[in-house]
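Letters go in sequence order (proteins before strands), and every chain restarts at 1. This structure is a prediction, so every number in the text was calculated from the model and none was measured.
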There are 2 protein chains.
Amino acid sequence: MNIQPLLNYIKNHVALTEAEEAILTSKVSYRKYLKGQFIVQQGDVCKYECFVISGCTKTYFVDDEGQEHIVMFSVEDWWTSDIGSFITQTPADFNVQCLENTELIMFSSDIIEDLYIEIPKLERFFRRIIERALVASQKRIIRSFSLSAKDRFLYFRNQYPQIEQRIPQYMIASYLGITKEFLSKIKSQIILEQ
Amino acid sequence: MNIQPLLNYIKNHVALTEAEEAILTSKVSYRKYLKGQFIVQQGDVCKYECFVISGCTKTYFVDDEGQEHIVMFSVEDWWTSDIGSFITQTPADFNVQCLENTELIMFSSDIIEDLYIEIPKLERFFRRIIERALVASQKRIIRSFSLSAKDRFLYFRNQYPQIEQRIPQYMIASYLGITKEFLSKIKSQIILEQ
DNA sequence: AGTAAATGTTAATCTAGATTAACTTTATTT
DNA sequence: AAATAAAGTTAATCTAGATTAACATTTACT
């Protein structure tokens, strides 16, 4: 089990002692998933918050018309979960599926509460992570209302050039809230402009 | 200073002792704003997270074309702030303006860090508040991608019937990401259907 | 290598919602 | 009670992006 990327990541936010790192390491679990497998399925109760060690996942939901909408991608050093389901222990709105073979560190809902008490610094750490996620989510709402599809795509390409490379274009279109045909049109338009 | 609504609100999440309530009360500040006044202005660094005791605010930003986009409304027992600016102490993206005379309890960025240390239960409290806000924000993204303007309006009307009553319609249109003319059309369409 | 499946492109047509503009109704101020 | 401003409505026209469908290219599988 390779937990070092998580420890490094935590180090950027709070300083854990070796003893605290040992407690953390003993409580979390490690798991490998294959490409195509589901970490969470819509309707299940989500039991884990997961830190991605390697690989890539998509978080999406299927609407009443059967349309798939991708809400986020997660790659190395990102988190993935249906946090709404996790914190309330109610059925998940989202599916989390692996787009590549993926290694995760998993925090179960039971042990995370213990960890908050044993290592209060971790409660601070998660508070900060969630604050950042909230800010990012609010900014995404702004973008969805104030930018055209083309500008949202350019923003995405600029912010996550690595992700654009490893994910099929029709999934990026879904993430941007447009059809794959229209993204194709946008891309050919961008090429013509250069 | 009427802090009781905040203490009641906190009670729903964590149990504070009388001593802890006294510490909290001594550290937060209380302020009244008049209708039209700004709690935060785009470009300023946001110094406070605010709990609304009475009144109503809108949080909005102005895009490059000068268009106003309302991100949220806050009424009694809600929070208001530019949380991105608050946590990073960088210039705010948003304006927060009072739509009515408004009474607030304000947590400054300095004292909130002290409070987390003095009363760790408050760090838990804020973590949970922020988790909920994140979930709400993610669900709003889903709705913006998967629902038509009409369905977003019906959802809003159903979730926040009190807010619909006290806010001008053109602001609700802005919150929904549509023009006031189109909201007007939607409403007359809904009336015809009944 | 050859076939099937997955992914991406192009173009014609259609529609939800924007824009513009003129008008009506409701609040506010004097 | 007028006058003025703010808020809401209606209708005509326009456009960003959806839908449909046929085709092209890339990737994976036997």
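The side chain of Ser188(B) approaches dT10(D) more closely than any other nucleotide in the set dT9(C), dT10(D), dT7(C). Closest contact between the side chain of Ala149(A) and the listed nucleotides dT10(C), dG17(D), dA18(C) involves dG17(D). For Pro168(A), counting side-chain heavy atoms from C-beta on, the closest listed nucleotide (dA21(D), dG17(C), dT7(C)) is dT7(C). Among dA18(C), dG8(D), dT9(D), the nucleotide with an atom closest to any side-chain atom of Tyr170(B) is dG8(D).
Ion pairing between a basic and an acidic side chain is recognised when a charged N comes within 4.0 Å of a carboxylate O; Glu21(A) and Lys121(A) show no such pairing. Looking at Arg124(A) and Glu131(A), no side-chain N of the basic residue comes within less than 4.0 Å of a carboxylate O on the acidic one, giving no salt bridge.
The nearest whole Å value for the distance from the CD atom in Gln169(B) to the P atom in dT9(D) is 4 Å. Separating the CZ atom of Phe153(A) from the P atom of dA16(D) is a distance of 18 Å, rounded to the nearest angstrom. In this structure, Phe145(A) atom CZ and dG17(D) atom P are separated by 14 Å, rounded to whole Å. Rounded to whole Å, the distance from CD1 on Ile186(A) to C1' on dA18(D) is 12 Å. Going from atom NZ of Lys180(A) over to atom C1' of dC23(D) covers 12 Å, rounded to whole Å. Spacing between atom CD of Glu164(B) and atom P of dG8(D) amounts to 11 Å, rounded to whole angstrom units. Residue Arg152(A) contributes atom CZ, which lies 13 Å from atom P of dA16(D) at whole-angstrom precision. If you measure from atom CZ of Phe182(A) to atom C1' of dT15(C), you get 14 Å, rounded to the nearest angstrom.
A donor-acceptor contact closer than 3.5 angstrom links the side chains of Ser54(B) and Glu103(B).
Heavy-atom neighbours of Arg128(B) CZ from other residues, nucleotides or ligands within 6.0 Å: above the threshold of 12.
A close approach under 4.0 Å does occur between a side-chain nitrogen or oxygen of Thr179(B) and OP1 or OP2 of dA18(C). At the phosphate of dG8(C), neither OP1 nor OP2 sits under 4.0 Å from any side-chain N or O atom of Ser184(A).
The only option from Ile10(B), Leu122(B), Ile119(B) that meets the side-chain contact (heavy atoms from CB on, under 4.5 Å) definition with Glu20(B) turns out to be Ile119(B).
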